[in-house]
Amino acid sequence: MARRARRYWLMKSEPGVYSIRNLQRDGSTTWEGVRNYQARNFMRDDMAVGDLVLFYHSNADPPGVAGVARIARAAYPDPTQFNRRSRYHDPGSKKDEPRWSMVDLAFVERFEEVVPLEALRNDDELSGMLVTRRGQRLSVQPVDRGHFARVLRMGGARTRVR
DNA sequence: GCCAACGTTGGC
DNA sequence: GCCAACGTTGGC
(Lines give C-alpha, C1' and ligand atoms only; values in the text may rest on other atoms or scores of the structure.)
Protein backbone atom coordinates (compact mmCIF):
# COMPACT_ATOMS: atom_id res chain seq x y z
CA MET A 1 0.00 0.00 0.00
CA ALA A 2 1.65 3.21 -1.16
CA ARG A 3 1.73 5.86 1.48
CA ARG A 4 0.76 9.40 0.70
CA ALA A 5 3.71 11.77 0.58
CA ARG A 6 4.10 13.91 3.64
CA ARG A 7 2.92 17.47 3.16
CA TYR A 8 4.19 20.64 4.72
CA TRP A 9 2.30 23.51 6.31
CA LEU A 10 2.53 26.77 8.17
CA MET A 11 0.05 27.58 10.92
CA LYS A 12 -0.24 30.91 12.70
CA SER A 13 -0.86 31.49 16.36
CA GLU A 14 -0.62 34.58 18.50
CA PRO A 15 1.90 33.73 21.21
CA GLY A 16 -0.14 35.79 23.67
CA VAL A 17 -2.92 33.29 23.06
CA TYR A 18 -0.99 30.07 22.43
CA SER A 19 2.77 29.94 21.84
CA ILE A 20 5.28 27.27 20.86
CA ARG A 21 6.24 27.10 24.54
CA ASN A 22 2.65 26.30 25.41
CA LEU A 23 2.72 23.50 22.84
CA GLN A 24 6.02 22.24 24.23
CA ARG A 25 4.50 22.20 27.71
CA ASP A 26 1.30 20.50 26.57
CA GLY A 27 2.84 18.04 24.11
CA SER A 28 -0.19 18.34 21.88
CA THR A 29 -3.17 20.60 21.37
CA THR A 30 -6.46 21.01 19.53
CA TRP A 31 -6.60 23.63 16.80
CA GLU A 32 -10.16 24.89 17.20
CA GLY A 33 -11.45 28.23 16.04
CA VAL A 34 -10.40 28.40 12.39
CA ARG A 35 -13.23 30.27 10.66
CA ASN A 36 -11.87 30.84 7.19
CA TYR A 37 -13.00 28.55 4.38
CA GLN A 38 -9.67 28.31 2.61
CA ALA A 39 -7.88 27.43 5.84
CA ARG A 40 -10.61 24.92 6.68
CA ASN A 41 -10.31 23.28 3.30
CA PHE A 42 -6.59 22.75 3.76
CA MET A 43 -7.17 21.16 7.15
CA ARG A 44 -10.19 19.10 6.12
CA ASP A 45 -9.10 17.98 2.67
CA ASP A 46 -5.34 18.01 2.54
CA MET A 47 -3.81 17.42 5.97
CA ALA A 48 -2.87 13.98 7.20
CA VAL A 49 -1.30 12.58 10.35
CA GLY A 50 2.46 13.00 10.19
CA ASP A 51 2.48 16.15 8.09
CA LEU A 52 4.91 18.73 9.44
CA VAL A 53 3.98 22.28 10.39
CA LEU A 54 5.97 25.48 10.79
CA PHE A 55 4.57 27.03 13.97
CA TYR A 56 4.34 30.75 13.24
CA HIS A 57 3.97 33.51 15.82
CA SER A 58 1.75 36.32 14.53
CA ASN A 59 1.10 39.59 16.31
CA ALA A 60 4.47 39.04 17.94
CA ASP A 61 7.75 40.86 18.26
CA PRO A 62 9.24 39.79 16.01
CA PRO A 63 6.65 37.85 14.02
CA GLY A 64 8.15 34.65 12.60
CA VAL A 65 8.55 30.89 12.74
CA ALA A 66 9.05 29.70 16.31
CA GLY A 67 9.31 25.94 15.85
CA VAL A 68 7.92 22.77 14.36
CA ALA A 69 4.79 20.74 15.00
CA ARG A 70 3.26 17.64 13.50
CA ILE A 71 -0.33 16.79 12.62
CA ALA A 72 -1.37 14.35 15.32
CA ARG A 73 -5.01 13.89 14.33
CA ALA A 74 -6.67 14.44 10.96
CA ALA A 75 -9.67 16.72 10.55
CA TYR A 76 -12.79 16.28 12.65
CA PRO A 77 -15.70 18.63 13.45
CA ASP A 78 -14.76 21.58 15.65
CA PRO A 79 -17.05 21.27 18.70
CA THR A 80 -16.82 24.98 19.51
CA GLN A 81 -19.04 25.79 16.51
CA PHE A 82 -22.00 24.26 18.41
CA ASN A 83 -21.19 25.83 21.77
CA ARG A 84 -23.26 28.94 22.32
CA ARG A 85 -20.87 30.05 25.04
CA SER A 86 -17.85 29.90 22.74
CA ARG A 87 -16.48 32.85 20.87
CA TYR A 88 -16.26 30.47 17.94
CA HIS A 89 -19.96 29.59 18.04
CA ASP A 90 -21.53 29.46 14.57
CA PRO A 91 -25.34 29.51 14.73
CA GLY A 92 -25.48 28.67 11.03
CA SER A 93 -23.71 25.34 11.38
CA LYS A 94 -25.82 22.17 11.70
CA LYS A 95 -24.90 19.14 13.79
CA ASP A 96 -25.50 16.74 10.93
CA GLU A 97 -23.57 18.96 8.57
CA PRO A 98 -20.75 20.67 10.50
CA ARG A 99 -19.30 23.66 8.75
CA TRP A 100 -15.95 23.87 10.56
CA SER A 101 -13.19 21.34 11.00
CA MET A 102 -10.11 21.20 13.15
CA VAL A 103 -7.00 19.07 13.61
CA ASP A 104 -4.72 18.23 16.52
CA LEU A 105 -1.06 19.28 16.61
CA ALA A 106 1.81 17.65 18.44
CA PHE A 107 4.99 19.38 19.53
CA VAL A 108 8.13 18.53 17.56
CA GLU A 109 10.69 21.18 18.46
CA ARG A 110 11.17 24.78 19.40
CA PHE A 111 13.79 26.84 17.59
CA GLU A 112 16.56 28.35 19.70
CA GLU A 113 15.45 31.68 18.27
CA VAL A 114 12.44 32.69 16.22
CA VAL A 115 13.21 32.98 12.50
CA PRO A 116 11.75 36.44 11.87
CA LEU A 117 9.39 37.20 9.01
CA GLU A 118 11.92 39.75 7.84
CA ALA A 119 14.57 37.04 7.50
CA LEU A 120 12.15 34.92 5.48
CA ARG A 121 11.51 37.88 3.20
CA ASN A 122 15.21 38.58 2.76
CA ASP A 123 16.10 35.01 1.87
CA ASP A 124 16.52 34.30 -1.84
CA GLU A 125 15.60 30.63 -1.50
CA LEU A 126 12.24 31.55 -0.01
CA SER A 127 11.02 33.80 -2.78
CA GLY A 128 7.37 33.08 -3.45
CA MET A 129 6.71 31.62 0.00
CA LEU A 130 3.13 32.60 0.84
CA VAL A 131 3.76 34.01 4.30
CA THR A 132 6.25 36.52 2.93
CA ARG A 133 3.59 38.12 0.76
CA ARG A 134 2.27 41.44 1.88
CA GLY A 135 -1.31 41.28 3.07
CA GLN A 136 -1.23 37.49 3.38
CA ARG A 137 -3.57 36.71 6.27
CA LEU A 138 -4.33 33.05 5.76
CA SER A 139 -3.73 31.25 9.07
CA VAL A 140 -3.18 27.81 7.52
CA GLN A 141 -0.90 27.71 4.50
CA PRO A 142 0.77 25.02 2.41
CA VAL A 143 4.57 25.25 2.27
CA ASP A 144 6.80 23.89 -0.49
CA ARG A 145 9.05 21.06 0.65
CA GLY A 146 12.14 23.03 -0.36
CA HIS A 147 10.95 26.12 1.49
CA PHE A 148 10.19 24.03 4.54
CA ALA A 149 13.67 22.51 4.52
CA ARG A 150 15.21 25.94 4.16
CA VAL A 151 13.32 27.36 7.15
CA LEU A 152 14.38 24.35 9.22
CA ARG A 153 18.01 25.13 8.40
CA MET A 154 17.52 28.80 9.25
CA GLY A 155 16.06 27.78 12.60
CA GLY A 156 18.91 25.39 13.35
CA ALA A 157 16.36 22.59 13.60
CA ARG A 158 17.11 18.95 14.29
CA THR A 159 14.01 18.01 12.32
CA ARG A 160 14.60 16.98 8.71
CA VAL A 161 12.27 16.72 5.76
CA ARG A 162 12.20 13.33 4.13
C1' DG B 1 -2.66 52.47 17.97
C1' DC B 2 -2.78 52.80 12.94
C1' DC B 3 -4.21 51.12 8.84
C1' DA B 4 -3.72 48.19 4.49
C1' DA B 5 -5.41 44.08 2.93
C1' DC B 6 -8.82 41.07 2.61
C1' DG B 7 -13.10 38.14 3.72
C1' DT B 8 -18.00 38.34 4.65
C1' DT B 9 -22.57 40.24 4.72
C1' DG B 10 -26.60 42.04 2.96
C1' DG B 11 -29.28 45.56 0.31
C1' DC B 12 -30.53 46.25 -4.16
C1' DG C 1 -24.36 39.44 -9.31
C1' DC C 2 -22.61 43.88 -7.78
C1' DC C 3 -20.54 46.39 -4.38
C1' DA C 4 -20.58 49.35 -0.12
C1' DA C 5 -20.22 48.66 4.59
C1' DC C 6 -18.28 46.33 8.01
C1' DG C 7 -15.24 43.24 10.74
C1' DT C 8 -10.82 40.96 11.26
C1' DT C 9 -5.97 40.05 10.62
C1' DG C 10 -1.56 41.18 11.50
C1' DG C 11 2.64 43.97 10.25
C1' DC C 12 4.53 48.04 11.60
Side-chain angles (χ1 to χ4, degrees), chain A residues 7-26 29-47 51-71 75-105 107-144 146-148 150-157:
Chain A
R7 289 182 182 142
Y8 300 93
W9 306 97
L10 179 146
M11 296 171 82
K12 298 179 183 175
S13 184
E14 302 191 20
V17 177
Y18 197 84
S19 71
I20 188 75
R21 284 179 186 275
N22 293 137
L23 183 59
Q24 183 169 30
R25 177 198 63 199
D26 298 341
T29 193
T30 55
W31 210 255
E32 69 275 3
V34 171
R35 294 295 179 269
N36 171 281
Y37 287 106
Q38 214 181 336
R40 179 206 64 182
N41 291 347
F42 284 133
M43 291 197 297
R44 190 188 62 186
D45 304 337
D46 300 321
M47 277 184 181
D51 284 1
L52 290 181
V53 178
L54 296 175
F55 194 101
Y56 182 90
H57 282 176
S58 61
N59 265 316
D61 187 18
V65 178
V68 183
R70 171 173 50 81
I71 301 300
Y76 59 104
D78 180 344
T80 64
Q81 69 196 303
F82 303 119
N83 179 357
R84 246 184 284 193
R85 291 278 156 73
S86 171
R87 59 180 296 229
Y88 301 125
H89 179 235
D90 181 355
S93 182
K94 292 177 240 141
K95 278 262 181 183
D96 54 351
E97 206 179 329
R99 184 176 288 170
W100 303 110
S101 300
M102 61 188 263
V103 296
D104 291 354
L105 293 195
F107 177 77
V108 174
E109 70 173 298
R110 175 168 59 81
F111 292 166
E112 210 62 48
E113 290 182 31
V114 168
V115 178
L117 175 60
E118 191 188 11
L120 304 179
R121 286 191 165 135
N122 290 337
D123 192 89
D124 289 341
E125 289 187 41
L126 295 181
S127 75
M129 189 178 181
L130 279 180
V131 75
T132 65
R133 282 208 207 142
R134 175 178 144 84
Q136 176 52 51
R137 303 186 311 178
L138 197 59
S139 66
V140 178
Q141 307 180 0
V143 176
D144 292 348
H147 288 168
F148 198 97
R150 176 61 178 155
V151 176
L152 290 182
R153 285 198 301 277
M154 293 169 79

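Below, chains carry the letters A, B, ... as their sequence lines are ordered, and counting in each starts from 1. Reckoned from all heavy atoms, side chains included, excluding hydrogens, waters and symmetry mates.
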Enquirer: Describe, in one word, how the ring planes of A:F148 and A:Y8 are oriented to each other, choosing from parallel (under 30°), tilted (30 to 60°) and perpendicular (over 60°).
Expert: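 If you compare the ring of A:F148 with that of A:Y8, the planes turn out tilted.
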
Enquirer: For A:F42, give me all partners under ring pair (Phe, Tyr, Trp, His ring centres under 6.0 Å), at least two apart in sequence or on another chain.
Expert: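 Per chain and number, A:F42 pairs via ring pair (Phe, Tyr, Trp, His ring centres under 6.0 Å) with A:W9.
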
Enquirer: Is the A:F55 ring parallel, tilted or perpendicular to the A:Y18 ring (thresholds 30°, 60°)?
Expert: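 The arrangement is tilted - the two ring planes meet at 30° to 60°.
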
Enquirer: Crowded around A:E113 CD? As in, over 12 foreign heavy atoms under 6.0 Å?
Expert: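 Atom CD in A:E113 is not packed in, count stays at 12 or less.
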
Enquirer: So, A:N83 versus A:T80: side-chain donor-acceptor pair below 3.5 Å or not?
Expert: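 There is no such pair between these side chains.
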
Enquirer: Assign each of A:Q136 and A:N59 to its nearest nucleotide of DNA chain B by heavy atoms, then name whichever residue's nucleotide is nearer the 5' end.
Expert: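 Nearest nucleotide further toward 5': that of A:N59.
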
Enquirer: Aromatic contact between A:Y37 and A:W100, with the criterion being ring centroids under 6.0 Å apart: yes or no?
Expert: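 Yes, they do, as the ring centres are separated by less than 6.0 Å.
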
Enquirer: When you measure from every atom of DNA chain C, which of residues 111-129 of chain A have a heavy atom less than 4.0 Å away?
Expert: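 Those residues are A:L117, A:R121.
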
Enquirer: What range of DNA chain C does chain A touch, first nucleotide to last, counting atoms under 4.0 Å from its heavy atoms?
Expert: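 Nucleotide range with atoms under 4.0 Å of chain A: C:dG7 to C:dC12.
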
Enquirer: What residue among A:R35, A:M102, A:R99 forms side-chain contact (heavy atoms from CB on, under 4.5 Å) with A:R40?
Expert: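 Output: one option passes, namely A:R99.
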
Enquirer: Please check if the number of heavy atoms outside A:E125 that lie under 6.0 Å from its CD is greater than 12.
Expert: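 Yes, enclosed.
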
